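Here, residue 1 is the first one in the sequence, and each next residue gets the next number. Being a predicted model, the structure only gives us computed values, none of them experimental.
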Amino acid sequence: MTTFSKVAKKSALGGIVAVMALGTTVACSSEKPKDPATSNSPAASGGATSSTAPSKTPVTIAMLVPQYTTEPVKADSPGMQKIREYTGTNIDINWVVGAGYEEKLYATIASGSMPQVLVIPDNKNANIVNAARSGMFWEVGPYLKDYPNLAGLNPQIMSNISLDGKTYGLPRTRPLSRSGLLFRKDWLDNLGLKVPQTVDELYEVLKAFTLNDPDKNGKNDTFGLSDLGSASVGAVIDYLAIYFGAPLNWGVQPDGKLIPSFMAPEYLEAMKFNKKLYTEKLVNQDFLIVKEGYIANINQGKAGFMLTAVDSVTTAQFADLKKLNPQAALDVATGIKGPKGEFVQADPGFAGLLMFPKSSVKTEQDLKNILAFFNKMTDKQMIDLTMLGVEGHTYTMENGAPKVNTDLYNKEINPLNQFMVKLGIFGPKPGDTPMETKWKGIVAGNEKKGVSDPTTPLISQTNVEKGAQLKKQITDARGKFIMGELDEAGWQQAIETWRKNGGDQIISEFTAEYAKINKK
């Protein structure tokens, strides 16, 4: 492909900011390969050949990176100095406040004056797709074999980031499944119950948490499950549908045809289960409109269970619960076994891409210098840096375990993870608490039973144009069914309306794309 001319760039991307203001849907799992980033061998630290190694003169790489801290990380901070020393590369970062990052990103692309590395939160945005197809960004797939760490990235994740079967950047990798149960362990103990392992056991525990005064305060003021029914990612029905054996978002039929999960009979069974929970008031009755309250139900001591990311148990999300009740105890467990086995909701395994514009990465050697930098940034030493920071500065060793200055780490080190291909925070480290060890074990085990979305690497133009509107129609009908305002015949009619209004075309386009990428 040839590089866009300036005129063509402006034509293709001039409307990006306006388009983004309208909002887009973020395309948000598999056997884990041996991690070459844990190797200290020369091959893991550089490239496989001299042609892939950085030049002896320090290379400067300019980046556009989102910032979620009060102030940007200083260029002379100890962490940045360590990166320069280890990689032999100077990095010039333009930190942009996270809330305004996408607007700045797309304005920068539209201007045609770009740094060498862009953090792209949504690589399936229609404008990014068009730009990549036009030749604006480097396709890096053919080069990765020369960089051992990058070549060893999880194949499922690399498939998920692809466009038309090609790789237009490096993923900011994440675990392939963080899903599970988060619950009040003290409530279970108060009632003499065990952690539920099946759908039926989950129902019985949720019922007990609603009716049997699990907090022992003598009041009828608790319910079992904090339910979230919105169209946002993480709706409880999506977790339940996986437990019942439904596909995640889309599934592949034996004949190769793709269908949306809500057309699967298992999805209907999950909705019936959710309806039962709602009717018996085992979930919050405002589940369709609740947002922040989804977590607040736990923090305020109202609900006993959430279906969520298990790593959230050791974050500050639930600090208010401890303030309210210092004796409260949270715990986590893996998913629930349903009628067809034990499955969990998978994640795409990445949070956006690092992409490289041809207008600023002008030569193949420039690209190789950048890939060599990111290859070294996936060495264990650099992953450890972004996990703990600099010894003697952000942490000290006490009794063989690191004691981290959390405030300093969050200010100077954690922001560096925004341009990391691999993160260390999801792997075991010295000094992990028992709960951290537990949820990390669950995340690792989930990779073998995660149900992934086959459309993650696919593009349907009709879905881009009409998908959000059509999804809302289904979401509204789903909510009415769960609340008892729509019967099964009405649900089937909602599906037929979805199909006639563009759904069948989306099915056709996804099926064709899937066949194209997976043909042998």
Side-chain angles (χ1 to χ4, degrees), residues 1-22 24 26 54-55 57-68 71-75 80 83-84 87 89-140 143 161 163 166-172 351-374 377 415-416 418-421:
M1 291 187 288
T2 59
T3 305
F4 248 4
S5 68
K6 291 184 178 179
V7 173
K9 287 179 184 176
K10 290 182 179 179
S11 174
L13 292 168
I16 281 182
V17 175
V19 171
M20 289 304 297
L22 297 176
T24 57
V26 178
S55 61
T57 302
V59 172
T60 297
I61 299 175
M63 305 184 191
L64 189 71
V65 181
Q67 166 201 329
Y68 297 99
E71 297 179 357
V73 178
K74 295 181 179 179
M80 294 285 279
I83 291 175
R84 282 195 295 271
T87 65
T89 305
N90 296 318
I91 51 176
D92 178 14
I93 300 178
N94 181 3
W95 297 96
V96 179
V97 175
Y101 181 75
E102 287 197 351
E103 182 177 354
K104 174 67 174 179
L105 168 67
Y106 290 103
T108 299
I109 295 175
S111 75
S113 179
M114 292 173 274
Q116 291 133 306
V117 180
L118 297 173
V119 173
I120 306 291
D122 180 10
N123 64 308
K124 296 302 166 66
N125 170 274
N127 296 287
I128 294 297
V129 168
N130 292 336
R133 285 173 170 168
S134 75
M136 185 175 288
F137 297 105
W138 281 92
E139 183 199 349
V140 302
Y143 299 91
I161 72 168
L163 170 66
K166 299 176 181 179
T167 306
Y168 289 100
L170 299 176
R172 301 193 302 169
L353 266 60
L354 302 162
M355 297 180 70
F356 318 118
K358 288 184 177 179
S359 62
S360 49
V361 183
K362 297 182 181 299
T363 69
E364 192 174 58
Q365 187 57 52
D366 290 339
L367 177 66
K368 290 179 178 180
N369 290 338
I370 291 172
L371 294 178
F373 167 78
F374 283 110
M377 287 298 291
L416 307 181
Q418 294 297 326
F419 60 87
M420 286 291 289
V421 173

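Counting heavy atoms from C-beta on, the side chains of Pro66 and Leu105 never come closer than 4.5 Å. Contact of the Ile370 side chain with the Phe374 side chain is registered, since non-hydrogen atoms from C-beta on lie closer than 4.5 Å. Taking 4.5 Å as the limit, every side-chain heavy atom of Asn369 sits out of range of all side-chain heavy atoms of Ile61. With a 4.5 Å cut-off on side-chain heavy atoms, Leu354 and Val119 count as touching. A 4.5 Å side-chain heavy-atom check between Asn123 and Leu163 finds every atom pair outside the cut-off.
Checked by atom type and distance alone, the side chain of Trp138 never pairs as donor or acceptor with a backbone atom of Leu367 at under 3.5 Å.
In terms of the side-chain contact (heavy atoms from CB on, under 4.5 Å) criterion, residue partners of Thr167 (sequence neighbours excluded) are, by chain and number, Val140, Met158, Ile161. Applying the side-chain contact (heavy atoms from CB on, under 4.5 Å) rule to Thr363 yields the partners Gln365, Asp366; only residues at least two apart in sequence or on another chain are considered. In this view, Pro415 and Thr69, Val73, Trp95 satisfy the side-chain contact (heavy atoms from CB on, under 4.5 Å) rule, not counting sequence neighbours. Every residue was checked against the side-chain hydrogen bond (donor to acceptor under 3.5 Å, both in side chains) condition with Gln67, not counting sequence neighbours, and none meets it.
Atom CE of Met355 and atom CD of Glu139 lie 11.0 Å apart (nearest 0.5 Å). The CZ atom of Arg133 sits 8.5 Å away from the OH atom of Tyr168 when rounded to the nearest 0.5 Å. Atom-to-atom distance recorded for Met420:CE and Leu170:CG is 12.0 Å, nearest 0.5 angstrom. Once rounded to the nearest 0.5 Å, the distance linking CD1 of Ile91 with CZ of Phe373 reads 4.5 Å. Rounding to the nearest 0.5 angstrom, the gap separating the NZ atom in Lys368 from the CG atom in Leu371 is 9.5 Å. We find the CD1-OG distance between Ile109 and Ser359 to be 9.5 Å, quoted to the nearest 0.5 Å.
Nearest heavy-atom pair, Asn90 versus Pro58, reported as atom, atom and distance to 0.1 Å: ND2-CB, 3.8 Å. Between Ser360 and Met114, the shortest heavy-atom contact is CB-O, 3.1 Å. Between Pro357 and Leu118, the closest heavy-atom pair is CG-CD1, 3.9 Å. Pro115 and Ala62 make their closest contact through CB-O, 3.5 Å (heavy atoms, listed as atom of the first residue, atom of the second, distance). Summarising the geometry of Phe419 relative to Met377, their closest heavy-atom pair is CE1-CE, 4.1 Å, with the distance given to 0.1 Å. The two residues Tyr101 and Val65 have their closest heavy-atom pair at CE1-C, 3.6 Å.
Using modelled atom types, one finds a donor on one side chain and an acceptor on the other under 3.5 Å when comparing Tyr143 with Glu364.
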Can Ile120 and Asn125 be said to form a side-chain contact (heavy atoms from CB on, under 4.5 Å), step by step?
-> CA-CA 9 Å; Ile120 306 291; Asn125 170 274; over 6 Å; no

Going through the checks in order, is the side-chain contact (heavy atoms from CB on, under 4.5 Å) test met by Ile83 and Leu416?
-> CA-CA 10 Å; Ile83 291 175; Leu416 307 181; 4.0 Å; yes

